[in-house]
Amino acid sequence: MAMTAKDLPLGGTAPEFCLPIGGQAGQWCSTQAQGKPMLVLFICNHCPYVVHISKRLGALAKQWQQQGVQVVGINSNDALTYPDDAPEKMPAEALRAGYHFPYLFDAEQRVAKAFNAVCTPDLFLFDAAGKLFYHGQFDASRPKNDLPVTGEDLSAAIAAMLAGAEPSAKVLPSIGCSIKWRPGNEPEDWV
């Protein structure tokens, strides 16, 4: 799925949000990342594109966290239509994938709309000032191609950001399953 015309532009400000942790008590707020780089991952439990990269994503996210990047996953899919994405199933998926970051549930889908997220995975990297540095693919691997899952595109963006480099003008968009909007909740420009 290609990015939409309403994409958050490079240098755009990270939307603020507070969401419950899927299947657990408590919530996480983006203000907890204030002054730190933040990687926001729109992911879910069932999408084959996410499942394909999940273990490598979990391993790399742990490294990025050790480098000072706040990582957070957000599941915005309609759990009524897609019960595999229900919040009570999120802790088991986080354990399977090795996610050591908050995995949040966006039941109202407001956060997905604020980011103009369109697919899973959809990846947004913000610098320590809260400005969008990268919005693109994890890597070129897909469920039905023979390319290894490396995370090279996102890893390169994080390395460049941490080194103080400028964002790359050449970015390939994320490809995956569309976000599963609740009936009648689709973004206005999609209807």
Could you please spell out the steps behind the side chain to side chain contact (heavy atoms under 4.5 Å, CB included) verdict for Tyr103 and Ile43?
CA-CA 9 Å; Tyr103 188 20; Ile43 56 177; 3.6 Å; yes
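- Side-chain atoms of Trp28 and Gln70, non-hydrogen and from C-beta on, do get closer than 4.5 Å to each other.
- Listed here is the closest heavy atom pair of Gly151 and Leu60: CA-CD1, 4.0 Å.
- Shown here for Val71 and Phe101, the closest heavy-atom pair between the two residues is O-CB, 3.2 Å.
- Between Phe105 and Ile74, every side-chain heavy-atom pair lies at or beyond the 4.5 Å cut-off.
- Side chain of Asp139 to main chain of Thr150: a donor-acceptor pair is present (N/O by atom type, distance under 3.5 Å, no hydrogens or angles).
- Considering only residues two or more places apart in sequence or on other chains, Ala157 meets the side chain to side chain contact (heavy atoms under 4.5 Å, CB included) condition with Leu125, Tyr134.
- Considering only heavy atoms from C-beta on, Lys180 stays 4.5 Å or farther from Thr81 through its side chain.
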Using side chain to side chain contact (heavy atoms under 4.5 Å, CB included), reason through Leu154 and Leu39 one step at a time and then give a plain yes or no.
CA-CA 10 Å; Leu154 182 55; Leu39 175 60; 3.9 Å; yes
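- Between Glu186 atom CD and Lys113 atom NZ the span is 8.0 Å, to the nearest 0.5 Å.
- Atoms CZ and CD, on Arg56 and Glu152 in that order, are 10.5 Å from each other to the nearest 0.5 Å.
- Cysteines Cys18 and Cys29 have SG atoms closer than 2.5 angstrom.
- Counting heavy-atom neighbours within 6.0 Å of Glu166 CD, excluding the residue itself, gives a total of 12 or less.
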Under the side chain to side chain contact (heavy atoms under 4.5 Å, CB included) criterion, do Ser76 and Trp181 qualify, and how do the steps go?
CA-CA 8 Å; Ser76 296; Trp181 301 101; 5.8 Å; no
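- The backbone N or O of Glu93 lies less than 3.5 Å from no partner atom in the side chain of Asn45, so there is not a single donor-acceptor pair.
- Here the CZ atom belonging to Phe115 is positioned 9.0 Å from the CG atom belonging to Leu132, to the nearest 0.5 angstrom.
- Distance CD/Gln24 to CG/Leu104: 10.0 Å, rounded to 0.5 Å.
- In terms of heavy-atom proximity, Glu88 sits nearest to Pro91 at O-CD, 3.6 Å.
- At a threshold of 4.5 Å between non-hydrogen side-chain atoms, the residues Leu162 and Val69 count as touching.
- In this structure, Lys62 and His100 approach most closely via the heavy-atom pair CD-CD2, 3.9 Å.
- Heavy-atom neighbours of Arg110 CZ from other residues, nucleotides or ligands within 6.0 Å: at or below the threshold of 12.
- When hydrophobic clusters are built by joining Ile, Leu, Val, Met, Phe, Trp and Tyr residues whose side-chain heavy atoms come closer than 4.5 Å, directly or via intermediates, Val51 is not grouped with Phe42.
- In this structure, Trp64 and Ser155 have side chains that are in contact, with non-hydrogen atoms separated by less than 4.5 Å.
- Atom CD of Gln27 has more than 12 heavy atoms from other residues, nucleotides or ligands within 6.0 Å.
- Here Asn145 pairs with Ser141, Arg142, Leu147 under the side chain to side chain contact (heavy atoms under 4.5 Å, CB included) rule; sequence neighbours left out.
- One distance of note links CD1 of Ile53 with SG of Cys47; it measures 8.5 Å at 0.5 Å rounding.
- At least one side-chain heavy atom of Val40 sits under 4.5 Å from a side-chain heavy atom of Met38.
- In this structure, the side-chain hydrogen bond (donor to acceptor under 3.5 Å, both in side chains) partners of Asn77, at least two apart in sequence or on a different chain, are Asp85.
- Note: Thr13 OG1 to Leu8 CG = 8.0 Å, rounded to the nearest 0.5 Å.
- Two rings, from Tyr49 and Phe138, have their centers 6.0 Å or more apart.
- Checking side-chain atoms of Gln32 against main-chain N and O of Ser30 turns up no donor-acceptor pair under 3.5 Å.
- In this structure, the side chains of Lys144 and Pro48 stay at 4.5 Å or more apart for every pair of heavy atoms.
- With hydrogens and angles ignored, the 3.5 Å screen pairs no side-chain donor or acceptor of Arg182 with any backbone N or O of Ala79.
- When every heavy atom of Gln137 is checked against every heavy atom of Asp153, the shortest pair comes out as NE2-OD2, 3.1 Å.
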May I have the step-by-step check of side chain to side chain contact (heavy atoms under 4.5 Å, CB included) for Ser178 and Cys119, ending in yes or no?
CA-CA 4 Å; Ser178 65; Cys119 64; 5.6 Å; no
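- Other residues, nucleotides and ligands contribute only 12 or fewer heavy atoms inside 6.0 Å of the CD atom of Gln34.
- When all heavy atoms of Gly11 and Lys131 are compared, the closest pair comes out as O-CD, 3.2 Å.
- Using modelled atom types, one finds no donor on one side chain facing an acceptor on the other under 3.5 Å when comparing Tyr82 with Asn75.
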Test ring pair (Phe, Tyr, Trp, His ring centres under 6.0 Å) on Phe133 and Phe126; report intermediate values, then the result.
CA-CA 5 Å; Phe133 188 89; Phe126 297 90; over 10 Å; no
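- At least one side-chain heavy atom of Glu16 sits under 4.5 Å from a side-chain heavy atom of Thr31.
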